[in-house]
2 protein chains.
Amino acid sequence: MTPELQRYSDVCDAIAKLFQPYVEVVLHDLESETAAYIANNFSHRELGEPSLLHEIDFRGGEAVIGPYEKVNWDGRRIKSISVVVRNDKAKAIGVLCINMDVSHFHQLQQVMELLSSVPQNTEKPEALFKEDWHERINEFILSWTWERGVTVETLSRQQKRELVEDLAGQGGFSGKNSANYVARILNLGRATIYNYLKDQKEKSRLS
Amino acid sequence: MTPELQRYSDVCDAIAKLFQPYVEVVLHDLESETAAYIANNFSHRELGEPSLLHEIDFRGGEAVIGPYEKVNWDGRRIKSISVVVRNDKAKAIGVLCINMDVSHFHQLQQVMELLSSVPQNTEKPEALFKEDWHERINEFILSWTWERGVTVETLSRQQKRELVEDLAGQGGFSGKNSANYVARILNLGRATIYNYLKDQKEKSRLS
DNA sequence: TACTTATTGTCCAATATAGACTTTATCGTC
DNA sequence: GACGATAAAGTCTATATTGGACAATAAGTA
């Protein structure tokens with residue numbers, strides 16, 4: 001890492017530490033297009049890894065880009081913002097990326113939502129309306145558990161299996177990485193989800 | 001269940017439904033000292049089960065007793081209140097017990113706490129000050145994970161093992177049912193906790 | 001003391017899982 | 001639309017976890 005860029009690493013540490021453990025800060029080197037420094041690395045990136053900066057929309061030449069949303073490898077949802085950082089000659093030398101794990105805040109929202117909202121008993125499966133499939137899955141699980149007077153934490157294995165099968169029946173696994181996402185919510189392994197789905201196919205084939 | 005008591009069962013349903021799924025309502029028959037009705041049964045009580053009402057402090061002859069705290073069989077913490085209910089002749093015929101699962105609210109508190117509080121770096125292990133061992137364990141896990149910039153949800157098996165061993169080293173398993181409690185927080189089985197502890201003893205014996 | 005009940009700890013067969021792997025889709029480029 | 005590069009969808013297996021039953025021990029209770 002160049003000394004110019006080096007000086008920003010402390011800034012990364014400061015930001016990450018203030019919001020510990022909800023925030024990760026990645027400093028990208030624009031020269032080599034790699035990750036030069038990572039504070040509170042929860043995305044499990046490696047130093048020196050290619051930055052894939054082309055994913056970020058630099059149009060307009062703004063210094064601050066975002067915020068935008070990403071999904072972490074393990075299904076947690078991340079709110080991110082990026083800043084182009086410069087050396088003393090005002091040359092753009094890096095991009096500082098702040099990634100915030102908002103999964104806990106979503107959870108918190110759901111607890112309050114469950115308490116304060118009046119459930120709609122419209123006959124139509126309202127799970128199908130939200131456009132983001134994450135939301136659809138959340139919605140589905142929320143109402144599935146609500147109807148049974150339970151919460152995800154208290155589901156038995158059998159119940160989780162049923163939930164997964166029902167969700168599959170509704171086409172809930174069409175989104176990208178949705179198996180991963182559901183696995184994390186239900187505290188199951190990804191493999192387990194696939195096992196359930198396979199068993200279900202097997203069962204329906206036999207009947 | 002006598003018709004007199006029966007009439008209260010709808011009240012139970014109403015209360016439970018309003019706070020679904022966080023509240024359970026148990027109607028005890030004072031005659032037989034058994035559970036006569038249960039709405040949203042999360043304590044896994046059976047109808048007709050003995051009520052153990054003597055646990056409740058009736059001194060003073062108050063109609064409303066509590067609130068007081070209990071711990072559910074699976075380690076969730078419950079805030080409860082009880083009301084003596086009467087028939088038309090003002091004879092006490094039952095006790096209506098409202099049990100609220102506060103574990104989700106505690107969780108929520110912790111998320112906010114982690115965000116808003118400034119960690120004390122007093123050298124002394126502050127885990128030892130709280131008098132309730134539940135709190136001590138919570139505190140321990142919170143600071144253990146904080147130091148490593150992770151959250152309980154993201155702990156690997158190996159990390160959970162280390163956490164359990166460290167906690168055991170601090171005497172964290174002296175409370176009643178503490179193994180159960182820790183298991184639930186870490187999303188482990190009770191058996192797994194004991195496996196870890198046994199392995200640890202084994203290891204230290206060999207070294 | 002003896003009896004009752006709750007907790008601790010162990011065991012095992014059934015189940016889930018990390019991680020490596022193969023196959024299949026998706027994307028970007030020409 | 002063919003090609004190569006990536007990512008995601010699935011599969012597989014050796015190992016770890018776990019529900020539930022049980023035995024051993026402790027803690028009340030009368």
Side-chain angles (χ1 to χ4, degrees), chain A residues 33 43-46 49-57 70-75 133-134 152-165 167-168 171-202 205, chain B residues 33 43-46 49-55 70-75 133-134 152-165 167-168 171-202 205:
Chain A
E33 295 243 333
S43 61
H44 290 192
R45 245 180 282 251
E46 302 281 346
E49 205 178 286
S51 295
L52 308 174
L53 288 173
H54 55 85
E55 282 181 355
I56 299 173
D57 183 10
K70 292 189 290 192
V71 180
N72 207 29
W73 60 274
D74 59 1
W133 62 263
H134 294 101
V152 273
E153 290 82 15
T154 63
L155 292 173
S156 68
R157 290 187 186 189
Q158 185 52 37
Q159 284 176 310
K160 287 182 184 180
R161 178 170 230 125
E162 283 163 22
L163 199 164
V164 168
E165 289 179 352
L167 181 54
F173 287 99
S174 52
K176 261 186 203 181
N177 258 324
S178 49
N180 228 320
Y181 184 72
V182 174
R184 219 186 51 79
I185 293 182
L186 298 184
N187 267 305
L188 294 174
R190 200 172 63 100
T192 310
I193 301 280
Y194 284 114
N195 285 341
Y196 289 173
L197 294 178
K198 213 199 308 184
D199 292 354
Q200 188 186 28
K201 274 187 214 134
E202 194 66 14
R205 201 177 54 76
Chain B
E33 296 241 332
S43 62
H44 291 192
R45 246 180 282 252
E46 301 283 347
E49 203 178 286
S51 295
L52 309 173
L53 288 172
H54 54 86
E55 282 181 356
K70 294 189 288 194
V71 180
N72 207 28
W73 60 275
D74 60 1
W133 62 262
H134 294 100
V152 273
E153 290 83 13
T154 62
L155 291 173
S156 68
R157 290 184 178 183
Q158 184 53 34
Q159 284 176 311
K160 286 182 184 179
R161 178 170 231 129
E162 283 163 22
L163 197 164
V164 167
E165 290 180 353
L167 181 54
F173 288 98
S174 51
K176 258 183 206 183
N177 259 323
S178 49
N180 229 319
Y181 185 71
V182 174
R184 218 185 52 77
I185 294 183
L186 298 185
N187 268 304
L188 293 174
R190 200 172 63 98
T192 311
I193 301 280
Y194 283 113
N195 286 342
Y196 288 173
L197 294 177
K198 212 201 307 183
D199 292 352
Q200 187 185 30
K201 274 187 213 132
E202 193 67 14
R205 202 178 53 75

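None of the values given here were measured: they were computed from a predicted structure.
Protein atom CZ of R184(B) is 16 Å distant from nucleotide atom C1' of dT18(D), rounded to whole Å. Straight-line distance from the CZ atom of F173(A) to the P atom of dA25(C): 18 Å, rounded to whole Å. Rounding to whole angstrom units, CG of residue N180(B) and P of dT8(C) are separated by 8 Å. For I193(B) and dT7(C), the CD1 to P distance is 17 Å, given to the nearest whole Å. Here the P atom of nucleotide dT10(C) and the CD atom of Q200(B) are 13 Å apart, to the nearest Å. In this structure, CG of D74(A) is placed 13 Å from P of dG19(C), rounded to the nearest angstrom. In this structure, CG of N187(A) is placed 13 Å from C1' of dT17(D), rounded to the nearest angstrom. Atoms CD (Q158(A)) and P (dT15(C)) sit 10 Å apart, rounded to a whole Å.
The side chain of K198(A) places an N or O atom within less than 4.0 Å of a non-bridging phosphate oxygen (OP1 or OP2) of dC12(D). The phosphate of dT15(C) has neither OP1 nor OP2 within less than 4.0 Å of any side-chain N or O from Y196(A). Between dT15(C) and N195(A), no contact under 4.0 Å exists linking OP1 or OP2 to a side-chain N or O. Within the 4.0 Å cut-off from OP1 or OP2 of dC27(C), at least one side-chain nitrogen or oxygen of K176(A) is found. Between Y194(B) and the phosphate of dG9(C), there is a side-chain N or O to OP1/OP2 separation shorter than 4.0 Å.
Nearest-nucleotide mapping onto DNA chain D: of A179(A) and A191(B), the residue sitting toward the 5' end is A179(A). Along DNA chain C, the nucleotide nearest L197(B) and the nucleotide nearest R161(A) are compared for position; the residue whose nucleotide lies closer to the 5' end is L197(B). With the nearest nucleotide of DNA chain D identified for both R157(A) and N177(A), N177(A) has the one nearer the 5' end.
Across all strands, L188(A) comes closer than 4.0 Å only to sugar-phosphate atoms, never to a base (heavy-atom distances). No contact: D199(B) has no heavy atom under 4.0 Å from any strand.
Among all heavy-atom pairs drawn from A168(A) and L197(A), the shortest one is CB-CD2, 3.6 Å. Contact between K70(B) and R45(B) at its shortest, heavy atoms only, is NZ-NH2, 4.1 Å.
Using modelled atom types, one side-chain atom of K160(A) and one backbone atom of L186(A) make a donor-acceptor pair closer than 3.5 Å.
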### Message
V164(B) vs F173(B), test: side-chain contact (heavy atoms from CB on, under 4.5 Å). Steps then yes/no.
### Response
CA-CA 9 Å; V164(B) 167; F173(B) 288 98; 4.0 Å; yes
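Looking at R190(B), its side chain comes within 3.5 Å of the base of dG9(C) through a donor and an acceptor atom.
For the atom pair NE2 (H44(A)) and OG1 (T154(B)), the distance works out to 7.0 Å, reported to the nearest 0.5 Å.
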